[in-house]
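The next block holds one structure in the form of structure tokens; read it before the comments.
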Amino acid sequence: MIVGAGVVMAASYEAKAFGIRGGMGGTQARRLCPDAIAVPPRFEAYVEASRGLFDVFERTAPRVEGLSLEEAFLDVSGLERFAGTPVEIARRLRREVREQVGIPISVGIANSKVVAKMASGAAKPDGLLLIESGREREFLHPLRVERIWGVGAATARRLRAHGIGTVGDIAALPEEALVAILGRAGGKHLHAIANGRSSRGVRAGRTRRTYGAQRAVGLRRFRKDELDSTLAALVDRVTRRMRRSGRVGRTVVLRLRFGDYTRASCSRTLPRPTAETRAILVAGRRLLRASAVTIERRGLTLLGITVANVEPDGGGAQLALPLYPSEEALDAALDEVRDRFGPDSVTRASVLGRNRGPSPAVLADERNDR
DNA sequence: TCTGGGGTCCTAGGACCC
DNA sequence: TCTGGGGTCCTAGGACCC
């Protein structure tokens, strides 16, 4: 089974056995496995399952660091006396999730997040793997470097160019050599991992640092008259999510992908943080205008807007005057209508002719922004 | 590999400050 | 007119993850 139409968003283990991977084009996936059943994503169902999952996580450990809808780090240190050993806790966790949420999960147990993450990957599907303290290197050293969480194609290529193929090869190198190849942060991090001394702790209660939305049209490319209404629709979604979670932001980033699928971004930082639709839209339009010539020349296949430099509303900017006072009530009224009657109950006239029914992305907005 | 949508973190240069 | 040492913020791009 494959989830997603144009692009594979997820695939069952049976489908993966045919070589299908996330992010792969639908055409290629069908070629690899013609008998696969493709289904559209159901974001609401994933959000609901995620809530159930995190309920169990929160009951299991005092410190939980969410990584995605379905992954988290749990710090179970110090729980031994009343909750049992890490393995006992993990067995109970797997059972409770299966019973209460109805899905199988894999668990990796280790002294550090990176090793735990890699262990859980090795335990899939539906498994449990403990990497005992002091035996990290036994587990890690035979692995190829690209198996390290955080090492992708580019880093693997660079390492390979220096004759480094396995984690053991990394461990044989002095830190300075690694820093020379990968830069300061990356080099030090990988050196620590390979020597079993990675120490990044579980960071509970992390809050989101950016809010973004984007829309791709593929080879078709955006028509000129679509650009502004698409931008407005994206800004509507982003600012509504920000207001709902009580956050404001200062930096507006416009994301572009041209006809040849290369990407660019440009940004402006506002004098004050905001979640007002109007203020973000004005900034976005300015950035879009500045890129108009390039877009005209190269064609556009993706438009996105992200608000960064996010902070809690009122955190340091108390009593700041709204940038567009008359629009504040409009934002509030539209938020209320959408809360009561659904995210697509009100929309811009400029968007009306094009969007039939709620898009998957709009439905995804209904998830809880952590 | 003919390409969705949502994020995170790091780097590097320039502006500006003391 | 040339030059130290240290810091912050902004912008653009890249790598990586689910």
Side-chain angles (χ1 to χ4, degrees), chain A residues 2-11 19-32 40-41 43 46-47 50 65-72 113-114 117-118 120-121 124 145-159 179 182-190 200 203 206-221 234 237-238 241 250-271 287 290-291 294 301-310 359-370:
Chain A
I2 296 171
V3 180
V7 166
V8 177
M9 295 168 134
I20 292 172
R21 297 285 176 268
M24 184 177 274
T27 325
Q28 196 202 352
R30 190 143 297 281
R31 202 162 43 233
L32 287 168
F43 290 102
Y46 312 151
V47 170
S50 178
E65 177 183 339
L67 204 60
S68 68
L69 278 182
E70 15 65 71
E71 271 188 312
K113 291 199 293 189
V114 176
K117 164 81 173 149
M118 293 169 67
S120 87
K124 283 178 198 299
V145 292
E146 42 267 85
R147 294 279 304 280
I148 299 175
W149 184 49
V151 172
T155 305
R157 203 182 320 117
R158 276 164 122 171
L159 290 171
V179 167
L182 300 176
R184 192 177 163 74
K188 285 185 175 230
H189 183 225
L190 236 55
R200 293 184 180 174
R203 295 197 285 172
R206 296 189 64 190
T207 54
R208 167 191 299 281
R209 303 173 64 82
T210 63
Y211 285 77
Q214 60 185 50
R215 180 164 166 81
V217 291
L219 285 171
R220 179 177 78 71
R221 300 187 178 199
L234 293 169
R237 274 170 37 205
V238 168
R241 282 165 51 203
R250 283 182 58 217
T251 304
V252 181
V253 186
L254 187 76
R255 296 192 186 287
L256 307 171
R257 188 183 67 190
F258 301 111
D260 63 358
Y261 285 78
T262 58
R263 291 165 177 274
S265 70
C266 46
S267 62
R268 277 302 162 255
T269 299
L270 306 174
L287 292 165
S291 303
T294 316
T301 55
L302 177 142
L303 184 65
I305 193 97
T306 294
V307 180
N309 254 317
V310 165
S359 67
V362 168
L363 289 169
D365 283 354
E366 295 310 292
R367 83 169 161 265
N368 235 353
D369 281 310
R370 236 191 314 277

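Just so it is clear, the model here is predicted, and its values are computed rather than measured. Quick note on labels: first sequence line is chain A, next is B, and so on, each numbered from 1.
A distance-only check finds a donor-acceptor pair linking the side chain of Y261(A) to the backbone of L219(A) [under 3.5 Å].
Separating the C1' atom of dC17(B) from that of dG4(C) is a span of 15 Å, rounded to the nearest Å.
At the heavy-atom level, G218(A) lies under 4.0 Å from the strands shown only through sugar-phosphate atoms. Residue contacts for R21(A): at a heavy-atom cut-off of 4.0 Å it reaches no nucleic acid atom on any strand shown. Residue-level contact check: R255(A) touches neither bases nor backbone, having no heavy atom under 4.0 Å from any strand.
At the phosphate of dT3(B), neither OP1 nor OP2 sits under 4.0 Å from any side-chain N or O atom of R220(A).
Distance, D260(A) CG to dT3(B) P: 15 Å, rounded to whole Å. The interatomic distance linking L303(A) (CG) with dG4(B) (P) rounds to 14 Å, in whole Å. For the pair M24(A) CE and dC2(B) C1', the interatomic distance rounds to 12 Å; values are reported in whole Å. Distance CD1 (I20(A)) to P (dT1(B)): 15 Å, rounded to an integer number of Å. A straight line from CD of Q28(A) to C1' of dT1(B) spans 5 Å, rounded to a whole angstrom. For the pair Y46(A) OH and dG4(B) C1', the interatomic distance rounds to 13 Å; values are reported in whole Å. In this entry the distance linking CZ of F43(A) with P of dG6(B) reads 8 Å, nearest Å.
Contact of the R200(A) side chain with the V114(A) side chain is not registered, since no non-hydrogen atoms from C-beta on lie closer than 4.5 Å. Residues R268(A) and L287(A) have side chains in contact (heavy-atom distance under 4.5 Å, counting atoms from C-beta outward). Contact of the L159(A) side chain with the L190(A) side chain is registered, since non-hydrogen atoms from C-beta on lie closer than 4.5 Å. Put simply, the side chain of K188(A) reaches to within 4.5 Å of the side chain of V179(A), judged on heavy atoms.
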Next on the checklist: Can you give me the dot-bracket string for DNA chain B, 5' to 3', counting Watson-Crick and G-U wobble pairs with both distances under 3.5 Å, using [ ] for crossing pairs and | for partners on another strand?
Outcome noted: ....||||||||||||||
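Residue-to-nucleotide proximity on DNA chain B shows that, of G6(A) and G212(A), the 5′-proximal contact is made by G6(A). Each of R203(A) and A213(A) lies near DNA chain B, and the nucleotide nearest A213(A) is the one positioned closer to the 5' end.
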Next on the checklist: Base contacts versus sugar-phosphate-only contacts with protein, heavy atoms under 4.0 Å: please encode nucleotides 9-18 of chain C as B, S and - from 5' to 3'.
Outcome noted: -SSSS-SSSS
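Under a cut-off of 6.0 angstrom, the local environment of CZ in R250(A) is crowded, with over 12 non-hydrogen atoms contributed by other residues, nucleotides or ligands.
Ranking dT3(B), dG5(B), dT8(B) by closeness to the R237(A) side chain, first place goes to dG5(B).
The aromatic ring of Y261(A) does not sit over the base of dC2(B), since the test of centres under 5.5 Å and planes under 30° is not met.
How far CZ of R237(A) is from CD of Q214(A): 9.0 Å, rounded to the nearest 0.5 Å. Atom-to-atom distance recorded for L182(A):CG and H189(A):NE2 is 11.5 Å, nearest 0.5 angstrom.
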Let me have the donor-acceptor pairs involving side chains of residues 251-259 of chain A, under 3.5 Å, with sequence neighbours excluded, atom names and distances please.
from, atom 1, to, atom 2, distance (Å)
T251(A), OG1, T269(A), OG1, 3.1
T251(A), OG1, N309(A), ND2, 2.8
R255(A), NE, T306(A), OG1, 3.3
R257(A), NE, T301(A), OG1, 2.8
R257(A), NH2, T301(A), O, 3.3

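Taking every heavy atom of both residues into account, A308(A) and T210(A) meet most closely at CB-CG2, 3.8 Å.
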